[in-house]
Structure formats: structure tokens, C-alpha cells
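See structure below.
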Amino acid sequence: MVSERLTRLMSPQTTSGPVVTRFAPSPTGFLHIGGGRTALFNWLFARGRGGKFLLRIEDTDRERSTPEATAAILKGLTWLGLDWDGDVVSQAAGRDRHAEVAHEMLARGTAYKCFSTPEEIAAFRAAQEAAGASYAVFQSPWRDADPASHPQAPYAIRMKAPRLGETIIDDKVQGRVTIRNETLDDMIVLRSDGTPTYMLAVVVDDHDMGVTHVIRGDDHLNNAARQQMVYAAMDWPVPVWAHIPLIHGPDGKKLSKRHGATGVEEYQAMGYPAAGMRNYLTRLGWAHGDMEIFTSAEAMAVFSLEGIGRAPARLDFKKLESTCGHHIAVMDDAALLHELEGYLAAAAKPALTPLQRARLLQAMPVLKERSKNFPELLEKASFALISRPVVAEPKAAESLDTVSRGILKTLTPRLQHASWTKETLEPILNGIAAENGIGFGKLAAPLRAALAGRSVTPSVFDMMLVIGREETIARLDEAAA
RNA sequence: GGCCCGUUCGUCUAUCGGUUAGGACACCAGGUUUUCAACCUGGGAAGAGGGGUUCGACUCCCCUACGGGCUGCCA
């Protein structure tokens, strides 16, 4: 699924050129909801400025990367409606280029060969700890070693990080972040087995792909300082940074499995429409005045990095549902039905029959205004989905007593030739109620039981209109018998 | 441990030195009603704590507390 990586194609970008953003997940599982939001912000920002939104799979960790995970991530993005430009880039496919850059840095003198073994480094740390130091950055003895003293052995390539001064990350979300260089180590960019590390790969890929704005989780904020060393070592322009806070669970702790749904696909299976998810996720950590309910196009028009908050936001299902409810209410009926069928498939529920689909489409106007998610909509649509004989639930059956059944019997003849509109039906039902000396509510209950087999349903008129005269009379006759 | 980031109603947030601190979700009360919703009206609800700076701080600075992140030949 991941195509050949893009080869070097962009000229060095300038900050005034077209916007290029990217989403770069590791394929180690499904698309995390936090990752989905990161992708969303990148998408909104690029699309809102006529720029490009690229997708790169960071699969350099062959141990943990799987093609299934890559497929799951693509599927999640697709469901969310986040379309990317060009081919999906595989980071692993760029090893040679990454190694080439590492050697170039070697040639420039901004990196050096380090012959220290992992064991020696571990020993160094243990010694530091034993000496009472809480922690110390590893200082390779090879940093300034005479090449003549280099042994014939495998070596890693490390950055020659500045020991003095400070590195400043000019971040659009976090502001100016200053990191003292002494806290930065000579990070390894090429392992002793010749493979590149993530720190090198991201920078090379972002540069080669022409990425102008790096919008990612703030767990990378400190990494940005390290990565900036590579840009400097290669004389490459540094992209605009925007480190966004992570999403937390309702309890304020980092979102994890015990909070329930962490994967985007789970939200589809729970029956939330993509447009509602996008709206909710956009507002989670970003705001533009009092703007609450909006389409993605509207969001793109005003989305800015400056509008992103600095504190982690908590997931609130109540608000998610409310937001989705607004979107469901205004969605096009056919589109809604289509997405609902996608939900059915995602939730491994039986597909709709042609008759059910037709009735659902007809009932959509009355159903969509009162549903916050698809399960709820389907619940309200029950009357349209069932087929005769209608089996009344216990609570509904109670309203089908002898008297009520008698009333229903007198009703059907009058429906026989009535024109099938609410305007005609309403006086007929009101008349029946009046003749029997009962309020309309008393008549509605047995009607609900007969038409839907339930005590909670949409309006009786709406149900009659959707299932039609023939089916209405048939259901009433069966219930009255 | 060190370094970095964060902290406004229960939740998401507005405010970018001067406001009765606004909106949304949720909650409570009332209204409407054909059940459930939806809808309408009203209500309670916030600047973590302590120091500064200033005529004036939610807003700027410092400290503390709490939360998060980074600190790997993981990404």
C-alpha cells in the first residue's frame, strides 16, 4: 500500500512559499484519536491555505512496524475524511538517503564516528549513577579523537552537538522555548549497523518533502531542539514548529486504553459521523471566538496555529455527542444513509434490506433531527425497520387493552380513503379521540404499540407517513385483532 | 534526579493590562408537548496558591503546588 518513497524533489522551501504539512505516524497499531487530531490540524492548516498535506509512515522500526497497522491508519484517516496529497511515503525506503546525509555531515565535520559500544555507554551511565550523579549526558571519547586512532570496528555516527550556548525553538503554539545546549547530547544519527535513527530520518524526510510547517504532539518539543541541530549542520531552513498538547482522558490523565476508545476506528464503530468528529476534534484544543458548530470548510477559513491552546484537553463524550447531533441534523439524507451503512459495516451489524433502506431514507428527515449518533438514530427508526407481525414490547403491550383495540378497529375504515398527509390524518385521529372521550395522548399510546411495538417512538403521524397507508392499516388490524 | 511545557465554570474554551470574566456541553428549574427527544426561557458554576511589577492584573515577572513531556544505537 505504501508506494515508493518520494525522491528528492523539492527545492529548499522559504517561509513565504506554499504551505506543506505532513502527518507522520508510526505504524505500530491503529490510528490513535490524538494522532487523528494531529492529522486534522495539519490538514486544516494546509488545505485552508491552498497548501499540501502529505502522509509519511515512520516505519524505520522494523521490529514493531506492520503493514496491517499502516492499513489501519490509512483507513482511519480516510474515514475521518482527511485526504492527503501524493503517495504515502515510507520512511524506511529512504535509508540510503538518510545514510548519505549522515556521511555528508561527517564530511562537513558536524558529526563524527563514535566507536563506543552500547555496553560502554551503559557502564558510563552506571558509573555516573554510582557516583551520585542523577543523570548525565553521555560524552563520547571519540568526539575529538584523531582519525588515526580509529579502530577497525563498527561505529555509530553522532552529531557534534554544541556544548555551550542555547538552542531556541520558536514555536507557534508554545512560544519561544529555550534549551541549554549542555543538556543536549551528541545524538546518534546513524547506528553502527548503518541504519538511520528517527532523529535523522524525520529531518531529512521533512526537508526532502519540502515540509514548511511541522505540526505535531508536544511530546516532540524537546526533540525539536535536537532536530534543529541537524538542520543547522546541513544548512537547511528550519520549518515552522507548532507543538500541540496531547489529548487526555476524562480524568485528566494521559489517554490510554483504560479510558476506553483510543482508536479512531472505534469512534466509527460507536456510530459518530465523521463530520461531527472533525468538528469536535477541531474544537478540542483550538478555538476561534465563540465558534462551536462548523463545517471543515468553515474551519479551514479561520484555522490558525495561534488559535491552538497550550494545555492538554480532555475528551468529553457528552459534548462529542452534542456536536455530532448538530451535524446529523443538517446532513443530506442520502449522504447520511450512506454513512450510516458504513457504520453498520464497521460495527459488524447486519446490512439493510432494500425495503429498510427505502423506508429509512424516507424517515430520515424526522429521525436526523433528534439523533446524536447512529445507534440512537437506528433506535428511533425501529418502526421503519421491522416487518410484520409487529411484536409489542411488554410495556407497549399494556396500552393495547380491549378498549384500545376496539378504538383501533373503528379507526382503520376511516383511513382507507383518507389522503395520506398529516393535514388529513390529524383531524381524523383527533376526531376518534374526541368520540371516545379521551385525550390524544391516550390514543397515541396504543397507536405506537400497534405501529412500532414500542412505547417510545417518533410522532405517530410521522410513522404513518413513512410506512404508508397499506402497512399502517395492516399493523393496526393485526394489533386490534 | 535534570531539562522543557502547562494550570479560567464539572468539561471544551473566549479574554491578548481596565469586562457585571463571555459562549458551548453538562447540570438544575420552568415552559411547550403525542411518548422519548428536540425546542424555548431562566439559574447555579471559574482565573491552583503565594509574592511582586503597575494607577489597575486572569492577562507581565518570580516562587510553590499539581499535571504532562523529554532525558535510548525507540519512534
Side-chain angles (χ1 to χ4, degrees), chain A residues 24-28 58-61 63-65 91 114 116-118 121-122 125 129 132-138 154-158 169 171 173-175 177-180 182-185 187-193 195-199 201-202 217-226 243 245-246 248 250 252-254 280 283-293 306-307 309-323 325 329 369-372 376 379-380 395-396 399 429 433 439-445 447-448 452 454-462:
Chain A
S26 304
T28 53
E58 311 234 308
D59 51 359
T60 48
D61 185 346
E63 297 287 296
R64 296 190 296 160
S65 301
Q91 184 161 69
C114 173
S116 296
T117 63
I121 297 169
R125 295 221 165 91
E129 214 166 304
S134 54
Y135 183 83
V137 298
F138 175 66
Y155 58 86
I157 296 182
R158 307 185 90 113
I169 299 299
D171 195 280
V173 174
Q174 309 290 341
V177 178
T178 308
I179 289 124
R180 294 207 317 281
E182 61 192 79
T183 67
L184 266 24
D185 64 345
M187 65 173 181
I188 288 178
V189 289
L190 203 69
R191 302 186 186 97
S192 51
D193 66 358
T195 61
T197 61
Y198 162 77
M199 290 294 179
V202 243
D218 69 4
D219 48 336
H220 286 289
L221 183 55
N222 283 284
N223 289 338
R226 269 175 258 282
H243 290 92
L246 270 17
H248 284 186
K253 301 287 185 190
K254 189 182 172 187
Y280 175 72
R283 269 295 279 106
L284 197 58
W286 173 85
H288 183 71
D290 288 342
M291 209 169 143
E292 293 284 352
I293 302 299
E306 288 74 15
R310 285 159 296 281
R314 307 180 189 202
L315 226 36
D316 180 359
F317 277 82
K318 283 290 176 47
K319 184 147 187 177
L320 201 212
E321 300 213 323
S322 170
T323 302
E369 281 183 34
R370 47 185 74 196
S371 305
K372 294 175 161 61
E376 198 178 315
E379 178 67 23
K380 295 183 191 304
K395 199 139 110 221
S399 55
L429 294 194
F440 185 71
K442 273 272 187 255
L443 173 62
L447 277 171
R448 283 179 222 290
R454 301 187 170 198
S455 54
V456 177
T457 74
S459 147
V460 294
F461 296 109
D462 287 336

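Within every chain, numbering begins at 1; the chains are lettered A, B, ... in the order of the sequence lines, protein sequences first and strands thereafter.
Across the protein-nucleic acid pair, A:Phe317 atom CZ and B:U11 atom P stand 17 Å apart, rounded to whole Å. Summarising the geometry, the separation between CD1 on A:Ile179 and C1' on B:C70 is reported as 10 Å, rounded to the nearest angstrom. Atom CG in A:Asp316 sits roughly 13 Å away from atom C1' in B:C9 (whole-Å rounding). Rounded to an integer number of Å, the gap from A:Arg314 CZ to B:G10 C1' is 9 Å. Atom CG of A:Asp290 and atom C1' of B:U13 are 9 Å apart (whole Å). Atom OH of A:Tyr198 and atom C1' of B:A75 are 6 Å apart (whole Å). At whole-Å resolution of the value, OH in A:Tyr280 and P in B:A26 are 12 Å apart. Rounded to whole Å, the distance from CG on A:Leu315 to P on B:C25 is 18 Å.
Closest to the side chain of A:Ser322, out of B:C73, B:A26, B:U34, is B:A26. Nearest nucleotide to the A:Arg448 side chain, out of B:U35, B:A75, B:C73: B:U35. For A:Gln174, the listed nucleotide lying nearest its side chain is B:G6; candidates were B:G6, B:A75, B:C12. Checking B:A75, B:C4, B:A26 against the side-chain heavy atoms of A:Asn222 singles out B:C4 as nearest. Relative to the side chain of A:His248, the nucleotides B:A75, B:G68, B:C3 differ in distance, and B:G68 lies closest. Among the nucleotides B:C73, B:G6, B:A26, the one closest to the side chain of A:Lys372 is B:A26. If you check B:G6, B:U34, B:C3 against the side chain of A:Val460, the one that comes closest is B:U34. Of the candidates B:C74, B:C36, B:C70, B:C36 carries the atom nearest the A:Val456 side chain, counting heavy atoms from C-beta on. The A:Ser459 side chain lies nearest to B:U34 when the options are B:G6, B:A26, B:U34. Closest approach to the A:Glu292 side chain among B:U34, B:G23, B:A37 is made by B:G23 (side chain taken as heavy atoms from C-beta onward).
Looking at A:Asp59, its side chain does come within 3.5 Å of a backbone N or O of A:Gln91 through a donor-acceptor pair. Formation of a donor-acceptor pair under 3.5 Å by the A:Ser459 side chain with backbone atoms of A:Phe461 is found in this model.
Between A:Arg310 and B:G67 there is no side-chain N or O to OP1 or OP2 distance below 4.0 Å. The phosphate of B:C73 has neither OP1 nor OP2 within less than 4.0 Å of any side-chain N or O from A:Ser192.
Residue-level contact check: A:Ser116 touches the bases, meaning some heavy atom is under 4.0 Å from a base atom.
A:Tyr198 and A:His220 have tilted rings, their planes meeting at an angle from 30° to 60° on a 0 to 90° scale.
Within the shown strands, nothing qualifies as a pairing partner of B:U20 under the Watson-Crick or G-U definition with both distances less than 3.5 Å. Shown here, B:U32 forms no base pair; nothing in the strands shown gives a Watson-Crick or G-U wobble contact with both key distances under 3.5 Å.
Taking atom C1' on both B:G47 and B:C58, the two are 5 Å apart, rounded to the nearest angstrom. A distance of about 5 Å separates the C1' atoms of B:U8 and B:A46, rounded to the whole Å.
The side-chain contact (heavy atoms from CB on, under 4.5 Å) search around A:His288 returns A:Trp286, A:Met291, A:Val302, not counting sequence neighbours.
Using modelled atom types, one finds no donor on one side chain facing an acceptor on the other under 3.5 Å when comparing A:Ser455 with A:Arg448.
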Fill in: Steps toward salt bridge (Lys or Arg N to Asp or Glu O under 4.0 Å) verdict (A:Arg310, A:Asp218)
CA-CA 9 Å; A:Arg310 285 159 296 281; A:Asp218 69 4; over 6 Å; no
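The base of B:C12 is paired with the side chain of A:Arg283 by a donor and an acceptor separated by under 3.5 Å.
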